[in-house]
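All ligand and atom numbering here is 1-based and tracks the order in the structure.
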Amino acid sequence: MAPVTTQTIEQTLSIVKPDAVEQNMIGNILEYFEREGLNIVAAKMLRLSLDQAKAFYAVHKDRPFFQELVDFMASGPVLVMVLQGENAIARNRQIMGATDPSKAESGTIRADFATSIERNAVHGSDSPQTAKAEIAFFFKPNEICPRS
Ligand code: IDP
Ligand code: MG
């Protein structure tokens with residue numbers, strides 16, 4: 001019998017972080033998603049307040065880098081997006097590369113654009129549960145334009 005391959009269309013949250021926005025790398029970074037077949041189905045630019053940054057990264061509140069991370073994320077504008085595609089959550093993480101750019105595979109966004117483990121250019125949801133919660137953190141359902 002032929003193997004069954006399951007392909008799930010997913011949505012995931014992506015953020016171009018303040019370091020990459022400041023360096024005018026938005027266009028370069030979005031190209032990585034689009035050339036891999038992830039569709040941008042929602043996008044907005046905003047500047048996070050300290051409280052929003054804290055709430056978004058609440059899962060890391062007990063980590064030693066939490067306050068620095070919050071300050072960094074609120075330090076300038078970010079581009080928040082919903083990406084859609086087959087296995088979008090895991091594929092986005094592959095396209096991003098490892099958190100620490102010195103460990104990121106070549107050709108990944110973080111290998112190419114990150115400057116440190118903190119200033120690492122992009123955020124991406126890490127599971128279906130976090131993707132759902134993170135998308136809802138930034139977008140109302142009618143702000144998302146899914147492709148069929
Ligand atoms: P991820 O972004 O690859 O999912 P997480 O472990 O969820 O990585 O960490 C969230 C963010 O916190 C990272 O993207 C990075 O900006 C920052 N961060 C993670 N580890 C460190 C660290 O050891 N020092 C400083 N910042 C860190
Ligand atoms: Mg994470």
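When I117, V122, T99, V59 are ranked by how near their heavy atoms come to atom 3 (O) of ligand 1, first place goes to T99. Ranked by closest heavy atom to atom 13 (C) of ligand 1, the top entry among N120, I15, L69, D100 is N120. Considering only non-hydrogen atoms, atom 2 (O) of ligand 1 lies nearest to R110 out of K17, R110, H60, E118.
Note: the hydrophobic cluster containing M96 does not contain V59 (ILVMFWY, side chain heavy atoms under 4.5 Å, direct or indirect links).
Looking at atom 19 (C) of ligand 1, its nearest protein heavy atom turns out to be F65 CZ, 3.5 Å.
From E31, atom CD reaches atom CD1 of I109 across 10.5 Å, with rounding to the nearest 0.5 Å.
Under 4.0 Å is where a charged nitrogen must lie from a carboxylate oxygen, and between E143 and K44 at least one such pair does.
The shortest non-hydrogen separation linking M73 to V78 is O-CG1, 4.1 Å.
Taking a 4.0 Å cut-off on heavy atoms, R93 registers as neighbouring ligand 1.
Geometric assessment of R35 against the ring of Y32 yields a positive cation-pi assignment under the 6.0 Å and 45° thresholds.
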